[in-house]
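Any value given below was found using the heavy atoms of this structure, including those in side chains, with hydrogens, waters and symmetry copies removed. Convention: sequence-line order gives letters A, B, ...; per-chain numbering from 1.
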Amino acid sequence: MRLSQLPWTTLKETPAEAEVISHQLLLRAGLIRRLTSGIFTWLPLGLRVLRRVEQVVREEMDRAGALEVLMPAVQPAELWQETGRWDRYGDLLLRIRDRQERDYCFGPTHEEIITDLARRELRSYRQLPVNYYQIQTKFRDEIRPRFGLMRAREFIMKDAYSFHMDQASLEVTYQAMAQAYARIFTRLGLRFRTVEADSGEIGGSRSQEFHVLADSGEDAIAFCDADRFAANVEAAPALPPPGARPAPGAPLQAVATPQMRSIEEVSAFLKVPATRCLKLLLVEGSDGGIVALALRGDHVLNTVKAGRLAQVAKPLTLASPERVLALTGAPTGFIGPVGLRIAVIADHAAAALADFVAGGNREGFHQTGVNWGRDAAEPATADLRNVVAGDPSPGGGGPLAIARGIEVGHIFQLGDKYSQAMKAVVLDQDGQERVMTMGCYGIGVSRIVAAAIEQNHDEDGIVWPAPMSPFDVVLLVLNPKNSEAVTATAEAIYLELRQAGMEVLLDDRDARPGVKFAEADLLGVPHRLVLGERSLKDAAIEYRHRRSGAEEKVALGDVLEFLQQRLAGAAPG
RNA sequence: CGGGGUGUAGCUCAGCUUGGUAGAGCGCUUGCUUCGGGAGCAAGAGGUCGCAGGUUCGAAUCCUGUCACCCCGACCA
C-alpha cells in the first residue's frame with residue numbers, strides 16, 4: 001500500500017476522550033474513530049489489523065473442525081422469550097421494533113439463534129458432534145462503555161457453539177477448543193494465561209477464560225507457577241487457614257469509637273491491625289430477612305461466592321442502611337456479632353479469628369477481645385472472600401500470585417440449559433429423542449486488538465506483535481522528490497518484496513523525514529526500511545527493528561533475503 | 001441509575017467571574033526557504049460558541065430547559 005494514496009491522519013496530541021493507552025494509540029495512529037459512545041469505525045489501517053486477527057482465529061477454528069456460519073445480528077424476541085432471557089437479560093439487551101411493531105433485539109450473543117438452527121437442521125445422533133462458529137458484530141448496551149475497544153458496546157466477536165449426544169463428547173470438543181484457543185493466542189504473539197472461571201450468567205458448569213496479561217487489565221487472576229493453578233480471582237477458592245483457632249485470651253470490652261465506621265478508621269484508632277478486625281456485611285436473605293456475612297478486616301467479599309449461598313437472596317443485595325438500623329439498633333459501621341439476632345455466615349479466615357475487634361451494635365462503639373463461641377454464637381462458615389497474593393494455592397504448590405489480565409476468550413460447557421428450553425433434540429441409536437448437550441466458546445476479536453496494544457507499546461507508539469501488524473514491513477523513502485534514483489530504487493524494492501508475498505507499506509509521501517519516522521513508530525510495524533540518498537550512495541538500505549530498536553545496513557541486493565529471515569524468525573515482533 | 005465534569009475551528013484548549021459581536025497552538029491550503037526524528041517565515045481557508053427558549057439595546061459569557069460526551073460509584077458495616 002502506498003501512503004501517498006491514503007488519507008491517513010495521525011494525531012500528535014492525545015484526544016481528551018481516551019483514557020487507556022490502547023484507546024489513545026488507536027486514535028493517534030489513525031486506526032479507529034469514535035462514532036458515538038462505545039461505537040467505532042475501523043479505518044483502513046486499523047481494519048487490516050482486525051482482519052489479521054480474524055484470519056488467525058478462522059484458521060485455527062477450521063483446523064479444530066469447527067464450521068463457519070454467519071447468523072443474523074437482528075434476532076426476533078420470540079426466541080429470547082423461549083429461553084426466558086428476553087426478560088432476564090435486562091438493559092444490556094438492545095431492543096428494537098420493526099414497522100409491524102414486532103420486537104427484536106440486536107444480538108449480544110447467539111445461543112438462542114444457534115439452538116434454533118440446530119433443532120431445525122440436526123435430526124440424528126449420526127450428525128453429532130458438530131461445532132458451528134461465526135465472526136460477527138455483537139451489541140451489548142453496557143452500563144458504561146469505556147476504555148475504547150476494550151469495553152465497547154458494539155464489538156466483533158468469534159462465537160462458537162457445539163452440540164453433542166453426551167457429556168463425554170462435549171469434553172472432547174471443549175478440550176479441542178481450549179487447545180485451539182491456546183494456539184490462537186500463541187500465534188498472535190500475545191502473552192496470555194488460561195484460567196479457571198466462573199460461568200456467570202450464561203450458565204453451565206466447567207468454564208475457562210483466556211487472559212492477555214497487562215497491568216491495565218480489568219480482571220485479577222490468581223496463579224501459582226509451581227502447581228500450574230490459575231483462576232480468575234472471582235473463581236479462585238480461598239482455603240481455610242491451617243491449624244486450630246487460638247483459645248480466647250482477652251476479655252470482651254466495649255470501647256468508644258466515635259465516627260469510626262470503616263475498618264481503616266477503627267484499625268488506626270485502636271492501633272489494631274485490620275487482620276484482627278471483623279467486618280460484617282448485611283445482605284438480603286432468601287427468606288426475606290437479613291443475613292450477616294463476616295470477613296476478616298483486610299479481606300474483600302467475593303460477590304460470586306456469596307451470591308451462591310442458599311441463604312442469600314439473588315441477586316446479592318446489600319441491606320439498606322435504614323433496614324440495618326431497624327434490625328440491629330445500630331447504624332452501618334458499628335455492627336458486630338455479639339448479641340446480634342441475625343444468622344451469621346463467616347468466611348473461614350474470619351471464623352478463625354480470636355480476640356478480635358468488631359462493631360458494638362451501638363452507634364459510636366466497637367468491642368475488643370471478641371471471641372466466637374464465648375461471646376457470639378459459632379457462625380456457619382463458607383468461602384466468601386477473594387484470594388490475595390500469598391494465600392496458599394489450591395493446587396498445593398505454594399503461595400498464589402496475583403496478576404492483571406484482559407479477558408479475550410472464554411469457553412463454557414453449557415450442558416442442556418438452552419437445548420432443553422428450546423427442545424433441541426435428535427434421535428439416538430434406539431430411535432429415542434435426546435436433548436443435545438452444548439458447549440460455547442467466545443473470543444473478543446476487536447478486544448484482542450486493544451489488548452495487544454496494552455501489552456505491546458512504548459513511548460513512541462504501538463509495537464505490534466508481527467502476526468497482527470497491519471503490514472510486515474514499512475519502507476520509508478526519504479525526500480523522494482530530490483532523487484529519481486532513490487525513488488526508482490524504492491519502487492524496485494517495494495515490488496520485489498511484494499512479489500515475495502510480503503505486506504509492505506510504502507511511505508512515498510512528499511513529507512519531511514522526521515514526520516515519516518515518527519509516524520512509522522506510532523503505527524508500530526515491526527520491520528522498517530529507510531532509503532535515502534545517504535544510504536543509496538553505499539548501495540545499501542537501512543533496517544530497524546521496531547521493538548528492539550536494533551539497526552543494520554543491508555546491501556540492496558540482499559534486502560529480500562534479509563527480511564525473509566527476519567520474518568521467518570520465531571520472535572513475534 | 002446516582003454523583004461530578006465538559007461541550008468554543010479537524011485536534012488540544014483559552015475567552016465566561018465583570019455581557020459589547022471570537023482567539024492561540026497543532027493540523028489543513030498556497031508561496032518561499034528548509035529537508036535523516038512530528039521544520040521556519042509569510043499569506044489564507046475554516047466556527048449557527050452542542051441545541052432550544054428566556055433576560056437584555058446587545059449573550060460564547062447571565063437564567064431555564066434539553067441533548068451529547070467524559071470521569072467516579074454496587075467493598076459501607
Side-chain angles (χ1 to χ4, degrees), chain A residues 7-20 23-24 27-28 30 33-39 90-91 141 143-148 257 260-266 274 277-284 290-303 306-307 315-321 323-325 327-328 330-337 340 342 344 357-363 366 384-386 460-461 476-483 486 509-523 528 530-536 542 544 549 551:
Chain A
W8 185 41
T9 307
T10 62
L11 306 176
K12 215 182 287 189
E13 291 173 285
T14 301
E17 68 193 43
E19 200 192 4
V20 296
H23 191 191
Q24 294 173 358
L27 290 169
R28 286 190 50 211
R33 291 288 181 252
R34 182 181 67 84
L35 178 62
T36 184
S37 182
I39 301 181
D91 292 334
D141 199 0
I143 296 172
R144 186 146 87 89
R146 56 183 138 178
F147 305 147
T257 50
M260 303 289 163
R261 290 167 163 272
S262 71
I263 291 292
E264 294 77 52
E265 289 164 351
V266 171
C277 297
L278 186 82
K279 64 176 163 189
L280 283 187
L281 291 90
L282 302 188
V283 300
E284 302 287 341
I290 294 264
V291 177
L293 305 178
L295 291 169
R296 211 170 76 182
D298 59 320
H299 286 153
V300 169
L301 180 70
N302 180 309
T303 52
L316 185 71
T317 313
L318 285 172
S320 68
R323 195 136 189 245
V324 171
L325 185 61
L327 279 165
T328 67
T332 61
F334 298 101
I335 311 300
L340 191 68
I342 289 172
V344 176
V357 172
N361 292 327
R362 187 174 149 202
E363 177 155 15
H366 279 71
L384 292 177
R385 67 180 177 93
N386 283 343
D460 294 321
L476 307 188
V477 192
L478 300 192
N479 304 312
K481 282 191 167 172
N482 291 2
S483 165
V486 167
R509 293 175 301 176
D510 179 25
R512 298 170 54 81
V515 172
K516 298 190 175 197
F517 289 133
E519 292 190 337
D521 285 347
L522 181 60
L523 182 61
R528 186 187 81 183
V530 175
L531 189 66
E533 286 186 295
R534 189 189 289 177
S535 50
L536 192 61
E542 293 154 58
R544 182 183 167 103
E551 300 192 12

Can a side chain N or O of [X] be found less than 4.0 Å away from OP1 or OP2 on [N]?
X      : N     : answer
A/K12  : B/G27 : yes
A/T36  : B/C69 : yes
A/R144 : B/C70 : no
A/S535 : B/G36 : no
A/R512 : B/A39 : yes

Atom [atom1], compared across [N] and [M]: separation rounded to whole Å:
N     : M     : atom1 : answer
B/G37 : B/C32 : C1'   : 24 Å
B/A60 : B/U6  : C1'   : 15 Å
B/C72 : B/G54 : P     : 39 Å
B/G5  : B/A42 : C1'   : 41 Å
B/G46 : B/A9  : C1'   : 6 Å
B/C49 : B/C62 : C1'   : 15 Å

Contact class for [X] (heavy atom, under 4.0 Å): base, sugar-phosphate, or nothing?
X      : answer
A/A292 : nothing
A/L478 : base
A/R28  : base
A/G532 : base
A/R528 : base
A/L295 : nothing
A/R544 : base

Closest listed nucleotide, where the reference is the side chain of [X] and the choices are [options]:
X      : options             : answer
A/I143 : B/A77, B/G73, B/G37 : B/G73
A/L280 : B/C69, B/G27, B/A77 : B/A77
A/A16  : B/U12, B/C72, B/C70 : B/U12
A/L522 : B/C69, B/C35, B/G38 : B/G38
A/V515 : B/A39, B/C35, B/A77 : B/A39

| said: Any carboxylate oxygen within less than 4.0 angstrom of a Lys/Arg side-chain nitrogen, looking at A/R534 and A/E542? | reply: no

| query | What are the two closest heavy atoms between A/L11 and A/L522, and how far apart are they? | reply | O-CD2, 4.5 Å

| request: Mind listing the closest non-hydrogen atom pair of A/I335 and A/N361 along with its distance? | output: CA-OD1, 3.4 Å

| Check: A/T10 side chain, B/G38 base, donor-acceptor under 3.5 Å | yes

| task | Kindly say whether, by distance alone, the side chain of A/E13 makes a donor-acceptor pair under 3.5 Å with the base of B/G25? | result | yes

| field | Length of the line joining A/F517:CZ and B/A39:C1', which is rounded to integer Å | value | 15 Å

| Spacing of A/E19 atom CD relative to B/U6 atom P, expressed in whole Å | 17 Å

